[in-house]
Amino acid sequence: MKNPKIIFMGTPDFAVPVLEMLINNYQVSMVVTQPDKKVGRKQTLTPSPIKELAQKHKIEVFQPEKIRVDYEPILKVKPDLIITCAYGQIIPSAVLDCPTIACFNVHASLLPKYRGGAPIHKALINGEKETGITIMYMDVGMDTGDMVAKQTIPIEESDNVGLLHEKLSQIGANLLKETLPSILKGTNKREKQKDEEATYAYNIKREEEHLDFSKKGLELMNQIRGLNPWPTANFYLEDLEYKALEAEFVPKNQKETGKIVDVTKTAIGISCADGILYITKLKPFGKKVMFSKDFLNGLKKEKILNQKVK
């Protein structure tokens, strides 16, 4: 098929390189994205990054509140392909069945590991050594469809959610570009997932953001980078929330955890199960993100030394 009619479904920045690739190489007839959201203190109604890109290229945009009941405009397009990437809603079978070829998803994990909405976060939090992109057929399950293509990359110690997000979003676009010709020719591979090997990456809950200093240092390091720059890990000092964005860990025997045991010129050292976690970048309550050295500048260390954090 030379000129397939494509509908793209996606919402955040992660999906932008995929849509850009499709616009540059194919005919995108419609873009489906989440409704505009109120953002910031002024609650300004703001379109998704995908909507902004679609409007720039004068592509029709459809924004159903609930796609499971509002999907008729999609069926009227009569697409050959539907491509999804981080759309954000469960797609009903009526939509999955409407393309002449199929629906495909660009997923940010090596399926069947980390099915769900937060695969990048959970891979980092769990200390995985590698991750990647999977191109898969869509079905009514959550990321359960047959796999078409995969690409693996190592997770570096310096990676956080933001950095890994950027890497994988571009890899997703490139892998889809490589894979689409075989899909259109009907020569693509199709591999069933092993459900018994599946793990899940549900969206991050508020309680998962909190740092529990009774845990080991490596676990806390992974949690911090697995939540940086969003939604960010947190702890409480004097009942005020502090967000921790970067840290270093020094192994050491500890009798008491969750206590500020060291304050240097550049970091706040909090005792954990097997050492000291030095917070080097943070966001104090009501202030902007800053390096700890700037927060500590002019602050007498006795003010916080030996205090318990929650």
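Positions are given from 1 along the sequence.
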Euclidean distance, [Y] [atom2] relative to [X] [atom1], rounded to 0.5 Å:
X    : Y    : atom1 : atom2 : result
E20  : F8   : CD    : CZ    : 10.0 Å
I7   : K78  : CD1   : NZ    : 12.5 Å
Q170 : L175 : CD    : CG    : 11.5 Å
K113 : T131 : NZ    : OG1   : 8.5 Å

Quick check: do T257 and I270 have side-chain heavy atoms less than 4.5 Å from each other?
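Counting from C-beta outward, T257 and I270 never come under 4.5 Å.
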
For [Y], does its backbone N or O pair with a side-chain atom of [X] as donor and acceptor, under 3.5 Å?
X    : Y    : result
T232 : P229 : no
T134 : S109 : yes
K150 : L111 : yes
Q193 : G145 : yes

Would you mind checking if [Y] and [X] are paired as a salt bridge, meaning a charged N to carboxylate O distance below 4.0 Å?
X    : Y    : value
D195 : R115 : yes
D146 : R190 : yes
K167 : D159 : yes
R225 : E246 : no
E208 : K122 : yes
R206 : E241 : yes

Step through it carefully: locate the ring centre of F104, locate the ring centre of Y137, and say whether they are under 6.0 Å apart.
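Ring centres of Y137 and F104 closer than 6.0 Å.
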
Does a side chain donor of either N3 or Q27 reach within less than 3.5 Å of an acceptor in the other side chain?
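Checked: N3/Q27 side chains show no N/O donor-acceptor pair below 3.5 Å.
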
If you look at every heavy atom in [X] and [Y], which pair is closest and at what distance?
X    : Y    : value
N222 : L124 : CB-O, 3.3 Å
A244 : I279 : CB-CD1, 4.0 Å
Y87  : P64  : OH-CG, 3.7 Å
M221 : A247 : CE-O, 3.1 Å
Y114 : E128 : OH-OE2, 2.7 Å

Examine I153 and L110 and state if one hydrophobic cluster contains both, with Ile, Leu, Val, Met, Phe, Trp and Tyr joined whenever side-chain heavy atoms are less than 4.5 Å apart.
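Different clusters.
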
Treat each ILVMFWY residue as a node, draw an edge where side-chain heavy atoms are under 4.5 Å apart, and state whether M9 and V28 are in one component.
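No, separate clusters.
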
Is there any ring-ring contact (aromatic ring centres under 6.0 Å, His included) pair reaching into residues 26-46, and which pairs are they, with sequence neighbours excluded?
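Every pair satisfying ring-ring contact (aromatic ring centres under 6.0 Å, His included) with a residue in residues 26-46: there are none.
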
Pairs meeting criterion side-chain hydrogen bond (donor to acceptor under 3.5 Å, both in side chains) with involvement of residues 289-310, two or more places apart:
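Listed once each, the pairs are E238-Q307.
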
Answer yes or no: does atom CG of L305 have more than 12 heavy-atom neighbours from other residues, nucleotides or ligands under 6.0 Å?
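Result for CG/L305: enclosed.
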
Side-chain hydrophobic cluster, 4.5 Å single linkage: members besides I276:
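Direct or chained contacts put I276 with V250, V261, Y278.
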
